[in-house]
Amino acid sequence: MGKQRILSGIQPTGELHLGNYLGAIRNWVELQRDYDCFLFMADLHAITVPHDPKTLAASTYKVAALYLAAGIDLEHATIFVQSHVPAHTELAWLFLCITPLNWLEDMIQFKEKAVKQGENVSAGLLSYPVLQAADILLYEPDKVPVGEDQKQHLELTRDIAARLNYQFGSEGHPILKLPEPMIRAEGARVMSLTDGTKKMSKSDPSDLSRINLLDPPETIQHKIKRCKTDPIRGLQFDDPERPECHNLLTLYLVLSGKTKAEVAAECQDMGWGQFKPLLTETIIAALAPIQKKYAEIMGEPGYLEQVLKQGKERAEAIANSTLMKVKKALGYSLPL
Ligand code: TYM
């Protein structure tokens with residue numbers, strides 16, 4: 001039997017941060033030896049909120065370079081740009097026509113983003129999870145490794161697949177495979193540095209709320225110095241009254257590679273003045289090799305273009321075959 005397949009993606013909007021790294025990329029790197037990996041830049045999703053055409057293409061390349069810099073190996077993974085594979089939008093349209101409107105109106109991320117945008121909410125923002133379902137189901141993955149915030153979108157993906165199978169498939173012969181979400185316990189929900197009850201996010205207007213993967217050491221030091229803490233001495237995990245404390249300890253735990261028990265023992269008597277420099281050093285050390293590799297990749301002319309061209313070819317072969325299967329089931333005449 002061949003390897004199982006995983007598929008995942010990140011939107012090229014804003015700067016990638018520690019949440020994206022710990023919730024997603026780092027896990028892909030660990031999984032890649034055991035799975036056939038399809039990883040993409042979700043640039044069609046990036047225009048569901050107002051965007052700048054001048055930076056879209058460059059941001060897409062930047063994310064691809066960060067995947068590689070973080071350790072994604074082209075021997076195990078295919079990296080591609082979502083908009084280079086037209087099957088994504090075509091399957092999304094077919095899915096839109098079988099998805100009940102109220103399923104989309106119930107999506108938490110839609111509600112949150114819609115509130116922020118007021119009257120500017122596009123139909124694209126509402127339809128976003130259907131495009132995500134197409135992204136996933138086209139590749140028939142076994143698992144989809146993501147952070148906690150994507151859980152509801154993955155449930156919707158399974159619901160859409162099940163609905164299509166029920167309406168157009170036959171008993172025992174499903175058209176689409178239902179994938180499993182893969183969400184790690186630690187790092188699946190990295191919180192904002194300025195509010196430990198909100199997730200770290202690319203769209204937070206304050207850059208102080210996140211550590212970006214390409215932040216230089218001085219910026220990291222500044223952000224940790226300024227990050228929100230509490231007046232209590234002695235640091236501990238899992239206290240609901242101390243969300244910032246839990247978040248910062250978790251960052252230290254994941255990036256240092258120590259166990260939870262080790263970190264709890266090491267930090268139980270510390271004050272913030274002692275812990276913050278330790279965390280700063282740990283973050284800087286964890287990001288240094290990624291930043292170095294990133295600079296190398298960006299300095300090699302034509303390299304990323306080549307990677308993405310090959311990625312498109314591999315992705316398209318699989319995506320087109322799934323799309324044809326769905327179109328056939330829906331009764332379309334197929335071109336000869
Ligand atoms: P995006 O671009 O918001 O985030 C990319 C990945 O990073 C994870 N993540 C986090 N994990 C932990 N803590 C955080 N604070 C944090 N913030 C983000 C996300 O869970 C995600 O795994 N809709 C998706 C992109 C997408 C996609 C897909 C993903 C489009 N199609 C198909 C998987 C499969 C998104 O906006 O992710």
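Each ligand, and each atom within it, is numbered from 1 in the order the structure gives. Atoms considered below: every heavy atom in the structure, side chains included; atoms not considered: hydrogens, waters and symmetry mates.
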Participant: Give the single entry among Tyr128, Tyr21, Tyr139 that approaches atom 23 (N) of ligand 1 most closely by any heavy atom.
Facilitator: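 When every heavy atom of Tyr128, Tyr21, Tyr139 is considered, Tyr128 comes closest to atom 23 (N) of ligand 1.
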Participant: Check the surroundings of atom CD in Glu300: do more than 12 heavy atoms from other residues, nucleotides or ligands lie under 6.0 Å from it?
Facilitator: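 Yes - once you tally the heavy atoms of other residues, nucleotides and ligands closer than 6.0 Å, there are more than 12.
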Participant: Nearest protein heavy-atom contact for atom 12 (C) of ligand 1: which residue, which atom, what distance?
Facilitator: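 For atom 12 (C) of ligand 1, the nearest protein heavy atom is Ala188 O, 3.1 Å.
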Participant: Starting from atom 29 (C) of ligand 1, find the nearest protein heavy-atom neighbour and note its residue, name and distance.
Facilitator: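 Protein heavy atom with the smallest distance to atom 29 (C) of ligand 1: Gly9 O, 3.4 Å.
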Participant: Within 45° of the axis and under 6.0 Å from the centre of the six-membered ring of Phe237, does NZ or CZ of Lys260 qualify?
Facilitator: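 Because its charged atom sits under 6.0 Å from the ring centre and within 45° of the axis, Lys260 does stack over Phe237.
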Participant: To check your reading of the model: name the closest protein heavy atom to atom 13 (N) of ligand 1, its residue, and the distance in Å.
Facilitator: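 Protein heavy atom with the smallest distance to atom 13 (N) of ligand 1: Val190 N, 2.8 Å.
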Participant: Check for me, please, whether Ile98 and Leu330 land in the same ILVMFWY cluster - side-chain distances under 4.5 Å, paths through other members count.
Facilitator: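 Yes, Ile98 and Leu330 fall within the same hydrophobic cluster.
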Participant: Report yes or no: does Asn20 have a heavy atom closer than 4.0 Å to ligand 1?
Facilitator: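 Yes, Asn20 has heavy atoms under 4.0 Å from ligand 1.
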Participant: Pairs of nitrogen or oxygen atoms closer than 3.5 Å, one from Pro145 and one from ligand 1: do any exist?
Facilitator: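 No; every N/O pair is 3.5 Å or more apart.
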Participant: I need the nearest protein heavy-atom contact for atom 22 (O) of ligand 1: residue, atom name and distance, please.
Facilitator: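 Going atom by atom, the protein heavy atom closest to atom 22 (O) of ligand 1 ends up being Gly147 N, 3.1 Å.
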Participant: Can you tell me which residue and heavy atom of the protein come closest to atom 11 (N) of ligand 1, and the distance to 0.1 Å?
Facilitator: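 Going by distance alone, atom 11 (N) of ligand 1 is nearest to Gly19 O, 3.1 Å.
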Participant: With heavy atoms of Gly187 as the reference, note each atom of ligand 1 found under 4.0 Å away.
Facilitator: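 The atoms of ligand 1 under 4.0 Å from a heavy atom of Gly187 are 12 (C).
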Participant: Pick one of side chain, backbone, both or neither for how His45 approaches ligand 1, counting any non-hydrogen atom pair under 4.0 Å.
Facilitator: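 For His45, the contact with ligand 1 is made by the side chain alone.
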Participant: Around atom NZ of Lys309, are there more than 12 heavy atoms of other residues, nucleotides or ligands at under 6.0 Å?
Facilitator: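 No, the 6.0 Å shell around NZ holds no more than 12 heavy atoms from other groups.
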Participant: Nearest to atom 31 (N) of ligand 1, what protein heavy atom do you find, and at what distance?
Facilitator: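 The closest one turns out to be Asp135 OD2, 2.7 Å.
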Participant: Would a line drawn from the ring center of Trp28 to the ring center of Tyr67 be shorter than 6.0 Å?
Facilitator: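 So the answer is yes for these two rings.
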Participant: Using a 4.0 Å cut-off to any heavy atom of Ala24, which atoms of ligand 1 qualify?
Facilitator: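 Going through ligand 1 atom by atom, the ones under 4.0 Å from Ala24 are 6 (C), 7 (O), 22 (O).
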Participant: Just one of Leu251, Val190, Ile284, Ile220 clears the side chain to side chain contact (heavy atoms under 4.5 Å, CB included) bar with Ile211, so which one?
Facilitator: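 It is Ile220, the one option of Leu251, Val190, Ile284, Ile220 that forms the side chain to side chain contact (heavy atoms under 4.5 Å, CB included) with Ile211.
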Participant: Heavy-atom contact under 4.0 Å between Gln82 and ligand 1?
Facilitator: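 Gln82: no contact with ligand 1 (<4.0 Å).
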Participant: Using a 4.0 Å cut-off to any heavy atom of Val146, which atoms of ligand 1 qualify?
Facilitator: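 This gives 22 (O), 33 (C) as the contact atoms.
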Participant: Examine Gln150 against ligand 1 and note whether any of their N/O atoms are separated by less than 3.5 Å.
Facilitator: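 There is such a contact, yes.
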Participant: Given the side-chain rings of Phe40 and His45, with only the six-membered ring counted for Trp, is the space between their centroids under 6.0 Å?
Facilitator: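 For Phe40 and His45, the ring centres are not under 6.0 Å apart.
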Participant: Which part of Phe40 is near ligand 1, with near meaning a heavy atom under 4.0 Å away: side chain, backbone, both or neither?
Facilitator: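 Just the side chain.
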Participant: Are any of the N/O atoms in His153 less than 3.5 Å from those in ligand 1?
Facilitator: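 The answer is no, given that His153 and ligand 1 share no N or O pair closer than 3.5 Å.
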Participant: Among Lys223, His222, Gln221, which one satisfies side chain to side chain contact (heavy atoms under 4.5 Å, CB included) with Thr219?
Facilitator: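 It is Lys223, the one option of Lys223, His222, Gln221 that forms the side chain to side chain contact (heavy atoms under 4.5 Å, CB included) with Thr219.
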Participant: As an exercise, identify every atom of ligand 1 less than 4.0 angstrom from a heavy atom of Met200.
Facilitator: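 Answer for ligand 1: 14 (C), 15 (N), 17 (N).
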Participant: Pro129 near ligand 1, heavy-atom distance under 4.0 Å?
Facilitator: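 No, that is not the case, since the closest heavy atom of the residue is not under 4.0 Å from the ligand.
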Participant: When you measure from atom 34 (C) of ligand 1 to every protein heavy atom, which one gives the shortest distance, and what is it?
Facilitator: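 Ranked first by proximity to atom 34 (C) of ligand 1 is Ile136 CG1, 3.7 Å.
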Participant: Are Arg5 and Asp142 within salt-bridge range, i.e. N to O under 4.0 Å?
Facilitator: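 Salt bridge flag = no for Asp142 with Arg5.
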Participant: Charged N to carboxylate O under 4.0 angstrom, Lys111 versus Glu105?
Facilitator: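 The answer is no: the pair does not qualify as a salt bridge.
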Participant: Just distances here: any N/O of His17 and N/O of ligand 1 closer than 3.5 Å?
Facilitator: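 Between His17 and ligand 1 (N or O atoms, distance only) the closest approach is not under 3.5 Å.
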Participant: Using salt bridge (charged side-chain N to carboxylate O under 4.0 Å, His left out), reason through Glu281 and Lys276 one step at a time and then give a plain yes or no.
Facilitator: CA-CA 9 Å; Glu281 282 317 307; Lys276 281 188 170 186; over 6 Å; no
Participant: Measuring from atom 20 (O) of ligand 1, which candidate in Asp149, Thr157, Asn247 has the nearest non-hydrogen atom?
Facilitator: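 Selected option, by shortest heavy-atom distance: Asp149.
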Participant: Is any side-chain N of the basic residue among Arg210 and Glu15 closer than 4.0 Å to the acidic one's carboxylate O?
Facilitator: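 No, no charged N to carboxylate O under 4.0 Å.
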Participant: Could Lys198 and Asp204 be called an ion pair, given the rule that one side-chain N must be under 4.0 Å from one carboxylate O?
Facilitator: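 Looking at Asp204 together with Lys198, the answer is yes, because their closest N to O distance falls below 4.0 Å.
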Participant: Taking the six-membered ring of Trp272 (Phe, Tyr or Trp), confirm whether the NZ or CZ of Arg233 is under 6.0 Å from its centre and within 45° of its axis.
Facilitator: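 Judged by the rule, Arg233 and Trp272 form no cation-pi pair.
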Participant: Give the atom numbers and elements of ligand 1 that come within less than 4.0 Å of a heavy atom of Ser8.
Facilitator: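 With Ser8 as reference, the close atoms of ligand 1 come out as 33 (C).
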Participant: Can you pull out the closest protein heavy atom to atom 1 (P) of ligand 1? Residue, atom name and distance to 0.1 Å, please.
Facilitator: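 Result: Lys202 NZ, 3.5 Å.
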Participant: Between Asp230 and Arg242 (salt bridge meaning N to carboxylate O under 4.0 Å), is one present in this structure?
Facilitator: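 Salt bridge present between Asp230 and Arg242.
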Participant: Any nitrogen or oxygen of Gln11, main chain or side chain, under 3.5 Å from a nitrogen or oxygen of ligand 1?
Facilitator: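 Min N/O separation from ligand 1 is below 3.5 Å for Gln11.
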